[in-house]
Amino acid sequence: MSEISKAYEPQSVEDRWYDFWLKHHCFTADPKSSKPAYSIVIPPPNVTGVLTMGHVLNNTIQDILARKARMDGKEVLWLPGTDHAGIATQTVVERTLKKSGEIRHRDDLGREKFLERVWQWKEKHGGIIIQQLKKLGASCDWTRERFTMDPEYSKCVQRVFVDLYKKGMIYRGKRMVNWCPVSLTALSDEEVVMKEQKGTLYYFKVEIAEAPGTFLTVATTRPETIPGDTAVAVNPKDPRYAQFIGKHVVRPLPAELPREQKLIPIIGDEYVDFEFGTGVLKVTPAHDKADFEIGHRHKLAPIEVIDAAGQMNDAAGADLRGLDRFKARKVAAEKLTELGAMEKEEPYTNNVGFSERADVPIEPRLSEQWFLKYPSVEKSQAVVAKGEMKFHPDRWAKVYDHWMSGIQDWCISRQLWWGHRIPVWSKKANAGESGFGRVQTQLNVFKQNGILIHMNLYTPHAKKEGTINVLQNDPQENYFARLDVAVDPSQTEIISLLEQNGFTQDPDVLDTWFSSWLWPFATMGWPEQTETLKKFYPTTDLVTGPDIIFFWVARMIMAGFEYMGELPFKNVYFTGIIRDKQGRKMSKSLGNSPDPLDLIGKYGADALRFGTMRSAPLGQDILFDEQNVELGRNFCNKLWNACRFRQMQGGSVQEEIDPKLLTSDDKWILLKLDAAIREVNAAFAEYKFSDATAALYRFFWSEYCDWYIEASKASLSGSAVDEARKKNTLAVIDFVLSHMLRLFHPFLPFISEELWHGMGYSGDMPEKQGGQTIMFAPWPKPLDDEFKSFYALSANDEKFIETRNEFIAQGRNLRRNANLPANKKVKFILKPSGKTTANDIEVLKLLLNAEAVEANPNFQPGKNALAVRGEPGELFLPLEGLIDVEAEKTRLTKEIEKCQAEIGKVESKLNNPSFAQKVPANVLAEHKQRLMEWQDKLAHAQAALDGLKG
RNA sequence: AGGCGCUUAGCGCAGCGGUAGCGCAGCAGCUUUACACGCUGUUGGUCGGGGGUUCGAAUCCCUCAGCGCCUACCA
């Protein structure tokens with residue numbers, strides 16, 4: 001073993017081993033391997049993103065799982081990659097170009113030039129996060145890194161689109177969608193987050209045209225949409241208003257319009273809640289989802305008054321035209337007041353949908369979009385409900401089930417440029433044109449030749465091939481019919497035919513999640529039945545945040561069933577959310593989000609990993625505190641020094657252990673190792689990583705370092721070193737350390753590898769199973785019965801050391817009671833209770849920090865000698881007048897009180913007649929035993945107190 | 001508004017029917033020859049409130065309160 005420094009310096013170690021692993025292809029998965037498969041696909045981070053604490057948590061867990069699986073002898077594929085993140089990436093590039101003054105709008109560049117710039121941006125900033133993941137130690141198979149806009153991946157996306165189109169699952173429809181006036185695109189329901197907003201509820205009155213002087217009062221939060229109102233609705237069962245149904249009211253805005261153009265009907269609709277507001281609802285079909293449906297039921301043509309960018313249009317009238325919708329709200333309210341229509345304004349809190357990305361209120365807007373009816377819904381829902389796919393923690397299964405039950409069609413088109421362009425070519429025809437007969441005939445030739453091609457003809461009257469009849473009752477569309485042709489973009493012949501005939505490709509791109517939902521198989525070479533796909537699909541575990549359970553997890557399950565006929569993963573681990581010390585979410589604006597790379601630089605990647613895992617219990621949010629990382633650093637340093645200590649003892653490495661030479665301490669630590677292995681295994685089985693780290697922490701620090709190593713010094717460097725015994729102790733130490741390093745490896749990959757080699761433990765391992773790297777060393781097995789009986793390990797050894805340690809703790813206590821500083825060496829006297837070996841005495845001396853421990857079976861304590869009693873006998877600390885009698889009296893009195901309290905508790909139970917009758921025998925016996933123990937302690941303390949007085 | 005979760009020592013958590021525990025912080029002492037990124041000792045809690053079941057409740061049931069998350073078209 002090479003020379004080892006006093007403190008662990010991760011910086012000099014980590015890069016070296018990462019390069020080593022890469023150079024030796026340790027992360028590369030071999031689909032031809034005969035080992036059982038274990039696989040994870042990474043939740044692809046945004047290609048231009050940077051590493052956050054959330055990524056650290058998520059990817060550390062994946063790395064732990066992957067590394068553990070390798071040590072378990074699995075063939076592991078951890079498949080990495082990045083996501084093109086349509087809106088986020090496009091927004092960033094657009095903003096940058098605007099900021100530099102290069103463009104005012106993306107149209108200034110045009111689609112192709114703009115996309116060139118995005119690709120440039122991606123080349124420049126993309127992949128930073130990949131480098132950062134490497135710093136963290138992520139053991140991804142980088143040879144298989146994928147990007148959702150890779151050519152092969154894009155083909156998968158288009159193929160799936162065309163397939164679902166053919167199946168009639170994808171359709172085009174004019175619907176109310178969530179429109180983001182900043183990103184200028186439609187969003188799916190999942191991309192809308194509800195936020196509580198403080199606003200105003202405006203009450204205004206409208207006159208009933210047929211009954212002049214009679215008014216209805218309407219309550220609204222959005223007076224700016226009044227010009228878009230096409231009716232007021234009341235509940236037909238509402239006795240106050242039912243009589244007015246069929247009459248008309250005069251809409252107050254736009255003010256300049258003549259009265260007869262502002263007459264709108266009073267309609268009856270069960271949707272209206274007569275408890276709320278005034279029970280009269282204004283109906284704005286163009287700008288409200290519910291109103292749209294009411295409008296639809298009553299055949300009311302919508303009036304659009306807000307444009308795509310959220311500004312009022314001409315139809316909104318002279319007062320509002322050109323204003324931003326929020327400015328318009330105020331102006332509209334003022335106008336109502338001015339007109340004398342405003343009755344009152346009340347402060348009001350309601351929930352408003354915000355665009356997740358742009359963080360502005362979305363505007364419900366009628367527009368033509370592509371929708372997907374989800375495939376394989378029932379199967380996907382059942383697989384979790386039946387427990388064939390497990391969620392950890394499982395309460396998320398309920399959330400999933402609930403969402404799947406109320407699943408809505410997915411709006412998959414986005415009015416963006418960065419993404420997968422929708423592979424549909426279409427042409428509209430006016431009523432006078434001859435239609436599409438010629439093109440259809442030509443396309444049918446391709447179809448007959450088995451080339452993927454699907455058509456939908458949209459007309460006001462006919463339905464063909466699953467057509468959705470969108471043109472009916474749509475006066476805004478001025479064409480007669482449209483032919484949509486979905487075709488795989490690789491079919492260039494068809495596309496040129498289409499384009500020659502005046503067809504153009506749909507300008508929109510697909511929602512980013514429409515590509516991510518294929519991730520588990522599209523990354524593995526689908527639709528080819530590749531070796532990789534056969535070996536590694538379905539994947540074993542998925543690790544992700546619960547915030548994307550609908551965005552991603554649910555959709556992957558459905559895509560998995562639809563295209564692979566099988567679930568995409570067997571287990572889903574949902575991490576918590578990383579928050580700051582005060583429990584706030586990490587965010588850029590709060591500045592409470594530490595840069596993980598800074599932390600790695602300061603403390604090391606292992607420290608960051610360990611600190612994070614230690615504080616991340618399953619199913620709970622994580623409060624990030626740099627102190628945890630510091631603790632991880634301290635832990636690594638302790639591990640480093642524990643190994644350094646072993647190294648300083650010299651001797652040859654990993655000798656055979658001779659059962660005959662084992663001390664009780666040796667046996668004890670072997671049993672503790674066994675317990676630790678079992679605990680860590682149990683924790684892994686339940687994905688409880690914080691339990692695993694806690695067990696390792698306790699075993700290594702408290703049991704191994706604090707007790708075992710200190711005790712073993714008796715054999716290693718005591719007054720009378722027995723060479724054979726020393727050699728045997730070193731063998732035990734090597735045994736424990738070599739197991740421990742392996743247990744640590746998934747959590748602390750770098751330092752464990754460094755020490756594995758540094759200590760020479762790799763030396764006697766087979767090349768592929770630990771010889772080359774600890775990564776493939778076999779995961780420690782619990783000690784079996786054969787092992788235990790060969791080394792004569794028994795519960796008695798464990799019990800003996802445990803009581804001995806308790807005894808030592810009490811002995812150390814004597815010092816404090818006597819106010820003796822730790823550096824004052826004192827002599828203890830032991831009155832042994834049974835056989836006491838020289839080694840036992842030596843261990844006592846070391847652990848008591850004593851000048852000497854004198855064994856004297858006939859010792860008669862004089863006055864002022866402190867005493868404790870335990871397994872090895874009675875221990876005395878003679879003090880000859882140095883003792884602080886009062887302090888000791890206080891302590892003993894306190895102890896007596898404690899004993900009496902406990903005795904009281906147990907006695908009151910035992911004296912309860914029904915207790916003895918009803919309680920199980922073992923519990924009764926245990927209580928009696930407990931009573932005796934406390935009584936014994938009481939007697940002892942009482943005697944000691946009496947001794948002081950005497 | 002519904003659903004889920006949480007409430008145990010200053011902080012973060014474990015325990016989930018039979019003597020309230022762990023880590024960190026705090027306090028006191030210590031250059032004990034692996035480690036001050038350390039060692040030794042140690043102070044903190046009627047387990048959110050109330051009621052019930054039980055011989056026995058932090059643990060099971062009911063109820064109230066606070067916090068958090070998710071779902072939802074109440075203007």
Side-chain angles (χ1 to χ4, degrees), chain A residues 4 6-8 176 194 201-202 218-222 233 271-273 275-284 288-294 348 350-351 353 364 393 395-396 398-399 402-403 406 546-547 549-550 577 579 581 583 603 607 614-615 617 619-623 625 627-628 630-649 690-691 694 697-698 701-702 705-706 709-710 713 717 809 812-813 815-817 819-825 846-849 902 905-906 909-910 912-920 922-924 926-927 930 933-934:
Chain A
I4 195 164
K6 190 170 170 181
Y8 175 54
M176 286 306 275
M194 301 306 279
L201 190 58
Y202 302 90
V218 184
T220 181
T221 53
R222 302 198 63 187
Y271 169 80
V272 180
D273 175 0
E275 306 271 306
F276 189 87
T278 58
V280 184
L281 172 70
K282 73 194 248 326
V283 180
T284 324
D288 185 280
K289 244 181 181 170
D291 289 7
F292 176 74
E293 276 155 34
I294 297 174
Y348 185 68
N350 65 340
N351 287 317
R395 65 189 148 91
W396 292 110
K398 266 188 208 167
V399 176
H402 180 255
W403 187 76
D547 48 333
I549 185 167
F550 311 133
I577 293 166
R579 300 169 177 281
K581 257 195 277 193
Y603 300 104
R614 233 179 77 86
S615 57
Q620 259 165 309
D621 286 355
I622 293 93
L623 302 193
D625 187 344
Q627 218 173 32
N628 288 323
E630 199 181 323
L631 187 136
R633 189 261 325 252
N634 296 354
F635 188 82
C636 290
N637 190 56
K638 184 86 174 171
L639 181 59
W640 183 257
N641 276 288
C643 288
R644 197 161 76 99
F645 172 75
R646 159 64 188 97
Q647 189 195 30
M648 289 166 82
Q649 305 307 317
S690 60
D691 284 11
Y697 188 98
R698 189 210 59 230
W701 203 304
S702 309
C705 291
D706 290 350
I709 282 298
E710 293 308 320
K713 286 175 181 171
S717 58
R812 285 166 171 170
N813 229 318
R815 260 182 189 284
R816 178 181 155 82
N817 297 328
N819 271 334
L820 291 177
N823 59 348
K824 176 141 176 120
K825 293 278 185 185
L846 274 164
L847 295 184
L848 286 167
N849 184 28
E902 292 299 331
K905 273 198 226 170
V906 184
K909 277 188 171 187
L910 288 169
N912 184 338
S914 51
F915 179 79
Q917 280 167 23
K918 299 193 180 179
V919 91
N922 62 326
V923 176
L924 186 65
E926 192 205 315
H927 276 74
R930 198 191 302 159
E933 279 169 13
W934 281 114

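Bear in mind that the values here come from a model prediction, so they are computed numbers and not experimental data. Sequence lines set the chain letters: A, B, ... in the order given, protein chains first and strands last, and positions in each chain run from 1.
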(request) Tell me what A:Tyr202 touches on the nucleic acid: a base, only sugar-phosphate, or nothing, going by heavy atoms under 4.0 Å. (result) nothing
(message) Counting the atoms with a prime plus P, OP1 and OP2 as sugar-phosphate, which does A:Arg930 contact under 4.0 Å by heavy atoms, base, sugar-phosphate, or nothing?
(response) base
(message) Can you tell me which nucleotide in B:U71, B:G18, B:C69 comes closest to the side chain of A:Phe550?
(response) B:U71
(message) Rounded to whole Å, how long is the line connecting atom OH of A:Tyr697 with atom P of B:C24?
(response) 4 Å
(request) Please measure how far the P atom in B:G3 lies from the corresponding atom in B:U42, and state the result in whole Å. (result) 49 Å
(request) From the options B:C24, B:C35, B:U40, select the nucleotide whose nearest atom is closest to the side chain of A:Asp706. (result) B:U40
(request) Grab the two heavy atoms, one from A:Arg614 and one from A:Ser690, that are nearest each other, plus how far apart they are. (result) O-CB, 3.8 Å
(request) Would you mind checking if A:Lys289 and A:Glu293 are paired as a salt bridge, meaning a charged N to carboxylate O distance below 4.0 Å? (result) no
(message) Counting only side-chain nitrogens and oxygens, does A:Tyr348 get under 4.0 Å of the OP1 or OP2 atom of B:A75?
(response) yes
(request) Name the orientation of the base relative to the sugar in B:G44: syn if the glycosidic angle is within 90° of 0, else anti. (result) syn
(request) Determine whether any donor atom in the side chain of A:Lys6 lies under 3.5 Å from an acceptor atom in the base of B:C35, or the reverse, and answer yes or no. (result) no
(request) Would you mind pulling out the nucleotide paired to B:G29, Watson-Crick or G-U wobble, both distances under 3.5 Å? (result) B:C39
(message) Any side-chain N or O of A:Lys713 below 4.0 angstrom from OP1/OP2 of B:A34?
(response) yes
(request) Tell me what A:Trp934 touches on the nucleic acid: a base, only sugar-phosphate, or nothing, going by heavy atoms under 4.0 Å. (result) base
(request) For B:A72 versus B:A25, give the span between their C1' atoms, rounded off to a whole number of Å. (result) 43 Å
(message) With a cut-off of less than 4.0 Å, is there a side-chain N or O of A:Lys289 near OP1 or OP2 of B:A75?
(response) no
(request) Taking all heavy atoms of A:Ala607 and all of A:Cys636, pick out the closest pair and write down the distance. (result) N-SG, 4.2 Å
(message) For a quick test of reading the model: is some side-chain N or O of A:Asn634 closer than 4.0 Å to OP1 or OP2 of B:G38?
(response) yes
(message) Just to be sure I understand the rule, does A:Leu623 reach a base, reach only the sugar-phosphate, or reach nothing, if contact means heavy atoms closer than 4.0 Å?
(response) sugar-phosphate
(message) Under 3.5 Å, is there any donor-acceptor pair linking the side chain of A:Glu710 to the base of B:A34?
(response) yes
(request) Check every atom of B:G18, B:U32, B:C74 against the side chain of A:Asn849 and return the nucleotide holding the closest atom. (result) B:U32
(message) Side chain of A:Val399, heavy atoms from C-beta onward: which of B:A25, B:C70, B:A34 has the nearest atom to it?
(response) B:C70
(request) Provide, to the nearest angstrom, the distance between the NZ atom belonging to A:Lys398 and the P atom belonging to B:G2. (result) 17 Å
(request) Side chain of A:Pro920 only, please: which of B:G18, B:U19, B:A34 is the nearest? (result) B:G18
(message) Checking contacts here: which listed nucleotide (B:C4, B:A34, B:A75) is nearest the side-chain heavy atoms of A:Arg644?
(response) B:A34
(request) Take atom CZ of A:Arg614 and atom P of B:C37, then tell me their distance rounded to the nearest Å. (result) 18 Å
(request) Using whole Å, report how far CG of A:Asn351 lies from P of B:C70. (result) 12 Å
(message) If you assign A:Arg646 and A:Ser615 each to the RNA chain B nucleotide with the nearest heavy atom, which residue ends up on the more 5' nucleotide?
(response) A:Ser615
(message) So if I take every side-chain heavy atom of A:Ile709 and compare against B:A34, B:U71, B:A75, which nucleotide ends up nearest?
(response) B:A34
(request) Report the distance from atom CD1 of A:Ile294 to atom P of B:C74, rounded to the nearest whole Å. (result) 13 Å
(request) With heavy atoms under 4.0 Å as the rule, sort A:Cys636 into base, sugar-phosphate or nothing. (result) nothing
(request) First locate atom CZ of A:Arg812, then atom CG of A:Leu848, and finally report the distance between them rounded to the nearest 0.5 Å. (result) 7.0 Å
(message) Classify the ring geometry of A:Trp701 against A:Phe635: parallel below 30°, tilted from 30° to 60°, perpendicular beyond 60°.
(response) tilted
(request) For B:G44, give its Watson-Crick or G-U wobble partner with both distances under 3.5 Å, or none. (result) none
(message) If you compare all heavy atoms of A:Val399 against all heavy atoms of A:Phe550, which two are closest, and at what distance to 0.1 Å?
(response) CG1-CZ, 3.6 Å
(request) Indicate, with a heavy-atom threshold strictly under 4.0 Å, whether A:Gly279 touches base, sugar-phosphate, or nothing. (result) base
(request) Specify the closest pair of heavy atoms between A:Leu281 and A:Asp291, including all atoms of both residues, with the distance to one decimal. (result) CD2-OD1, 4.2 Å
(message) Classify A:Asp291 by what it touches in the nucleic acid, base, sugar-phosphate, or nothing, heavy-atom distance under 4.0 Å.
(response) nothing
(message) Parallel, tilted or perpendicular: which one describes the rings of A:Tyr8 and A:Trp640, with boundaries at 30° and 60°?
(response) tilted
(message) For B:C37, does the base pair up with any side-chain atom of A:Tyr603 as donor and acceptor (N or O, under 3.5 Å, distance only)?
(response) no
(request) Tell me the partner of B:C24, counting only Watson-Crick (N1-N3 plus N6-O4 or O6-N4) or G-U wobble (N1-O2 and O6-N3) with both under 3.5 Å; none if nothing fits. (result) B:G10
(request) Answer yes or no: does a side-chain N or O of A:Lys909 lie under 4.0 Å from OP1 or OP2 of B:U54? (result) no
(request) Let me know the distance between CG of A:Leu639 and P of B:C35, rounded to the nearest Å. (result) 15 Å
(request) Rounded to whole angstrom, note down the C1' distance from B:A20 over to B:C13. (result) 14 Å
(request) Send over the distance from A:Asn813 CG to B:U40 P, rounded to a whole Å. (result) 13 Å
(request) Scan every strand shown for a Watson-Crick or G-U wobble partner of B:C70, both distances under 3.5 Å, and answer none if you come up empty. (result) B:G2
(message) Measuring only the P atom in each nucleotide, how far is B:U43 from B:C6? A whole number of Å is fine.
(response) 31 Å
(message) Suppose we define a pair by two distances each less than 3.5 Å, Watson-Crick or G-U wobble; what does B:A75 pair with here?
(response) none
(message) Expressed as a whole number of angstroms, how long is the span from A:Leu846:CG to B:U40:C1'?
(response) 14 Å
(message) Does this structure show an ion pair linking A:Glu933 with A:Arg930, if we count only N-O contacts that are shorter than 4.0 Å?
(response) no
(message) Can you tell me if A:Trp701 touches the phosphate of B:C37, counting only side-chain N or O atoms and a distance under 4.0 Å to OP1 or OP2?
(response) no
(request) For B:G10 and B:G48, measure between their P atoms and round to the nearest Å. (result) 13 Å
(message) Both A:Lys282 and A:Trp396 contact RNA chain B. Taking the nearest nucleotide for each, which residue is further toward the 5' end?
(response) A:Trp396
(message) When the C1' atoms of B:A57 and B:G18 are compared, how many Å lie between them, rounded to an integer?
(response) 10 Å
(request) Would you indicate what A:Arg812 reaches in the nucleic acid, counting non-hydrogen atoms under 4.0 angstrom: base, sugar-phosphate, or nothing? (result) sugar-phosphate
(message) Could you tell me how far B:U7 sits from B:C47 if I compare only their C1' atoms? Round to whole Å.
(response) 10 Å
(message) What's the gap between B:C22 and B:G15 when it is taken at their P atoms, as a whole Å value?
(response) 15 Å
(message) Heavy atoms from C-beta onward define the side chain here; which of B:C69, B:C73, B:A25 lies closest to that of A:Tyr271?
(response) B:C73
(message) How close do A:Val283 and A:Ala233 get, counting heavy atoms only, and between which atoms?
(response) CG2-CB, 3.7 Å
